[in-house]
Amino acid sequence: MLVPRTPHQPDRPTWDCLACGEPWPCAPGKVELAEQGVVHRRSLRLYLESCAIDMIDDRADGHRTSGRDEAIFDRILGWFDAHESASTGRAA
């Protein structure tokens, strides 16, 4: 199971990074998560999917979160999908 080992974690319910304040996942967080994802690819995908669901739930509960509603997938999972395609040589 993937246990993210980075200070760049989401601060719920805003979904900004605890370490740098940028919308999570921030650039340093993506790098660190991708490094762990090399070994635990499926676990990272599952972790990110659960984060997307949590973000949707937080917004449904009326919490203000950074970013646009329609961009949740791209923000939380889109970078991972692009990284996966690039690392395996597949087209996105």
Side-chain angles (χ1 to χ4, degrees):
M1 179 167 94
L2 178 78
V3 178
R5 295 180 305 258
T6 174
H8 294 274
Q9 295 293 315
D11 181 20
R12 289 181 67 182
T14 65
W15 289 89
D16 290 328
C17 177
L18 285 168
C20 66
E22 293 295 315
W24 188 87
C26 59
K30 289 176 186 176
V31 169
E32 293 171 6
L33 287 167
E35 288 171 354
Q36 291 183 62
V38 169
V39 176
H40 303 287
R41 207 168 50 240
R42 288 187 180 113
S43 294
L44 176 57
R45 174 91 188 180
L46 183 60
Y47 171 71
L48 293 172
E49 289 171 347
S50 70
C51 287
I53 291 168
D54 288 343
M55 185 180 215
I56 291 166
D57 287 345
D58 286 346
R59 289 183 182 198
D61 289 343
H63 297 287
R64 233 183 125 86
T65 60
S66 61
R68 299 180 340 260
D69 286 342
E70 64 273 9
I72 291 174
F73 177 85
D74 289 337
R75 175 176 169 177
I76 304 295
L77 289 158
W79 70 271
F80 178 71
D81 289 342
H83 174 76
E84 279 291 284
S85 295
S87 66
T88 60
R90 291 180 292 169

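- The CH2 atom of W24 lies 12.0 Å from the CG atom of D16; values are rounded to the nearest 0.5 Å.
- Scanning for side chain to side chain contact (heavy atoms under 4.5 Å, CB included) contacts around A19 gives P7, H8, C17, with sequence neighbours left out.
- Residues passing the side chain to side chain contact (heavy atoms under 4.5 Å, CB included) test with L18 are Q9, D11, sequence neighbours excluded.
- In this structure, a donor-acceptor pair under 3.5 Å is present between the side chains of W15 and D58.
- By the 4.5 Å heavy-atom criterion applied to side chains, Q36 and Y47 are not counted as neighbours.
- Rounded to the nearest 0.5 Å, atoms CD1 (I53) and CD1 (I72) are 11.0 Å apart.
- With sequence neighbours left out, D57 forms a salt bridge (charged side-chain N to carboxylate O under 4.0 Å, His left out) with no residue at all.
- Note that CZ of R12 and CG of D54 are 4.0 Å apart. Values are rounded to the nearest 0.5 Å.
- For the residue pair I76 and L48, the shortest heavy atom distance occurs at CG2-O, 3.2 Å.
- In this structure the side chain of F73 never reaches within 4.5 angstrom of the side chain of I56, judged on heavy atoms.
- With a 4.5 Å cut-off on side-chain heavy atoms, P10 and M55 do not count as touching.
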